[in-house]
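The next block holds one structure in the form of structure tokens; read it before the comments.
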There are 2 protein chains.
Amino acid sequence: MRPFKRKSDCPIHFAIERFGDAWTLLIIRDLMFFGRSTYGEFLYAGEGIATNILADRLERLEVGGIVSKGPDPERPSRSRYALTQQGIDLLPIMLDMIAWSGEYDPGTAVPPQFVERLKTDRVAVEAEIRERLVSSGQFLIAPDAP
Amino acid sequence: MRPFKRKSDCPIHFAIERFGDAWTLLIIRDLMFFGRSTYGEFLYAGEGIATNILADRLERLEVGGIVSKGPDPERPSRSRYALTQQGIDLLPIMLDMIAWSGEYDPGTAVPPQFVERLKTDRVAVEAEIRERLVSSGQFLIAPDAP
DNA sequence: CTGTATCCTTAGGGATACTG
DNA sequence: CAGTATCCCTAAGGATACAG
């Protein structure tokens with residue numbers, strides 16, 4: 001696995017090391033907004049991530065405490081990944097990024113209504129999604145509270 | 001300059017392309033929180049960016065509309081960089097990242113009081129910094145409003 | 001299907017020298 | 001001081017094959 005580096009104790013730098021990588025952010029997006037949670041679902045998500053990269057990023061996310069991994073209750077041979085509390089706490093950042101791109105990317109895929117709702121009703125939108133993420137906890141294999 | 005790529009019209013992917021790079025985020029941090037605005041100030045900021053990388057990232061930021069560039073009024077031979085409106089709008093993302101790292105990085109440099117204030121008084125903190133950024137507009141060479 | 005392992009190419013980026 | 005230009009090397013990551 002590509003190791004974590006600590007060039008400084010700057011919080012921005014820490015965040016970058018933990019999740020500030022293109023593929024990593026796309027995986028978090030898949031977990032957070034598209035309900036994807038298996039290797040295959042990430043693999044065929046559209047941007048075309050390579051298997052070695054996917055494995056590397058999943059491991060990094062797990063080691064970093066953002067994602068937990070465990071056997072699928074229904075099919076134990078298959079693994080399922082889920083956001084931990086720490087991962088769910090990335091929601092504000094993701095929503096900010098969506099809002100920003102919704103504002104400045106002419107070709108964005110974000111529906112105008114959602115961009116609008118994000119501006120006028122941000123708190124509710126966030127609470128709503130957070131609630132959904134928390135309550136889908138059946139896949140939260142390794143909860144943060146020990 | 002390393003070109004912008006568009007693999008998908010996903011807003012997360014757009015954000016990554018625009019500013020989701022380690023060095024880029026550190027430059028934005030310097031502009032936003034440390035009042036750094038010249039080549040030399042970025043260069044000696046601590047993490048040790050190389051000159052070619054710095055030049056590349058500054059150009060990308062400028063082309064992407066996040067940063068504007070212009071001669072220093074006091075020393076026209078020197079350039080000054082400043083956040084545009086689009087750049088200032090990255091403030092929420094940066095604050096979220098700081099808050100998240102403040103929460104989860106045991107060795108963070110963020111003072112505990114600031115982490116706390118970010119939690120209890122987020123709106124005010126953001127408004128305050130935004131105000132400061134906007135009013136330091138003497139360096140806003142190319143304002144967004146034409 | 002869920003990964004590991006290997007190969008191989010390219011591009012990111014450090015070091016350094018050079019220019020206006 | 002504010003960059004530009006080159007060199008060179010490492011590592012990120014695409015393609016593919018293979019294994020449990």
Side-chain angles (χ1 to χ4, degrees), chain A residues 1-8 13 16-27 30-31 36-64 67-82 139 141, chain B residues 1-8 13 16-27 30-31 36-64 67-82 139 141:
Chain A
M1 182 193 79
R2 182 167 67 90
F4 293 115
K5 276 175 283 188
R6 177 174 275 267
K7 289 188 181 181
S8 75
H13 180 256
I16 290 167
E17 276 296 302
R18 253 38 197 205
F19 61 84
D21 160 87
W23 291 122
T24 304
L25 280 165
L26 294 177
I27 293 172
D30 285 348
L31 281 161
R36 297 182 184 129
S37 61
T38 69
Y39 192 87
E41 285 167 353
F42 300 131
L43 198 56
Y44 301 113
E47 276 93 355
I49 188 172
T51 59
N52 52 343
I53 305 300
L54 176 55
D56 175 87
R57 295 306 189 273
L58 286 172
E59 190 187 350
R60 277 174 72 79
L61 283 168
E62 203 192 348
V63 172
V67 154
S68 61
K69 174 186 183 175
D72 185 334
E74 328 229 306
R75 289 253 307 279
S77 71
R78 159 186 304 180
S79 284
R80 286 207 176 263
Y81 300 85
F139 297 140
I141 288 92
Chain B
M1 184 193 76
R2 182 167 67 92
F4 294 115
K5 276 175 281 187
R6 178 173 276 267
K7 290 187 178 181
S8 75
H13 179 257
I16 291 167
E17 277 296 303
R18 252 43 196 201
F19 61 85
D21 160 86
W23 291 121
T24 304
L25 280 165
L26 294 178
I27 293 172
D30 285 347
L31 281 161
R36 298 182 182 127
S37 62
T38 68
Y39 193 87
E41 286 168 352
F42 299 131
L43 198 55
Y44 302 113
E47 275 91 357
I49 189 172
T51 58
N52 52 344
I53 306 300
L54 176 56
D56 175 87
R57 295 307 190 274
L58 286 173
E59 189 186 350
R60 278 173 72 79
L61 283 168
E62 202 191 350
V63 172
V67 155
S68 61
K69 174 186 184 176
D72 185 334
E74 328 229 305
R75 290 249 311 277
S77 71
R78 160 186 301 180
S79 284
R80 287 209 175 260
Y81 300 85
F139 299 141
I141 288 93

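First the proteins, then the strands, lettered A, B, ... as listed; each starts at 1.
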Review point. Looking at D:dG3, D:dA12, C:dG3, which one has an atom nearest to any side-chain atom of A:S79?
Key: C:dG3
Study note, to complete from the structure: Value for OG (B:S68) from CG (B:L61), rounded to nearest 0.5 Å, stands at 11.0 Å
Point to revise | Under 3.5 Å donor-acceptor pair, B:N52 side-chain atoms to C:dG14 base atoms | key: yes
Review point. Any side-chain N or O of B:R80 less than 4.0 Å from the OP1 or OP2 oxygen of D:dA2?
Key: no
Exercise for review: Consider the side chain of B:A55, meaning its heavy atoms from C-beta on, and name the nucleotide among D:dA2, D:dT4, C:dT2 that approaches it most closely.
Suggested key: D:dT4
Review point. Atom CD1 of B:I53 to atom C1' of D:dC9: distance rounded to whole Å?
Key: 13 Å
Check your understanding: In Å and rounded to the nearest 0.5 Å, what is the CG to CG distance from B:L26 to B:L31?
Key -> 11.5 Å
Review point. Does OP1 or OP2 of D:dC1 have a side-chain N or O of B:R78 closer than 4.0 Å?
Key: no
Practice item. Starting from P on C:dC1, measure out to CD on A:E74 and report it in whole angstrom. Key: 17 Å
Exercise for review: Please determine if a side-chain N or O atom of A:Y81 lies less than 4.0 Å away from the OP1 or OP2 oxygen of C:dT2.
Suggested key: no
Point to revise | Base of D:dG13 paired with side chain of A:D56 (donor-acceptor, under 3.5 Å) | key: no
Review point. When rounded to the nearest 0.5 angstrom, what is the spacing between CG in B:D21 and CD1 in A:I16?
Key: 7.5 Å
Review point. For the side chain of A:Y39 and the backbone of A:T51, is there at least one donor-acceptor N/O pair under 3.5 Å apart?
Key: yes
Check your understanding: What is the distance, rounded to the nearest whole Å, between atom CZ of A:F4 and atom P of D:dA12?
Key -> 13 Å
Practice item. Using whole Å, report how far CE of B:M1 lies from C1' of C:dA11. Key: 15 Å
Check your understanding: Would you say the side-chain atoms of B:R60 pair up with the backbone N or O of B:R2, donor to acceptor, closer than 3.5 Å?
Key -> yes
Review point. Does a side-chain N or O from A:K69 land closer than 4.0 Å to OP1 or OP2 of C:dG3, or not?
Key: yes
Review point. Taking CG from B:L43 and C1' from C:dT16, how many angstroms apart are they, rounded to a whole number?
Key: 13 Å
Check your understanding: Between the base of C:dT2 and the side chain of A:S77, is there any donor-acceptor pair under 3.5 Å?
Key -> no
Revision key, fill the gap. Rounded to whole Å, CZ of A:R2 lies from P of D:dG13 at a distance of 7 Å
Practice item. Among the candidates D:dG13, D:dG14, D:dT6, find the nucleotide nearest to the side-chain atoms of A:D21. Key: D:dG13
Check your understanding: Has the side chain of A:T51 got a donor or acceptor that lies under 3.5 Å from a partner of the other kind on the base of C:dT2?
Key -> no
Check your understanding: Between D:dT4, D:dC1, C:dG13, which nucleotide has the shortest distance from any of its atoms to the side chain of B:R75?
Key -> D:dC1
Review point. For the pair made of CG in A:L58 and C1' in C:dG3, what is the distance, rounded to whole Å?
Key: 10 Å
Check your understanding: Nearest-Å distance, CG (B:L54) to C1' (C:dG13)?
Key -> 13 Å
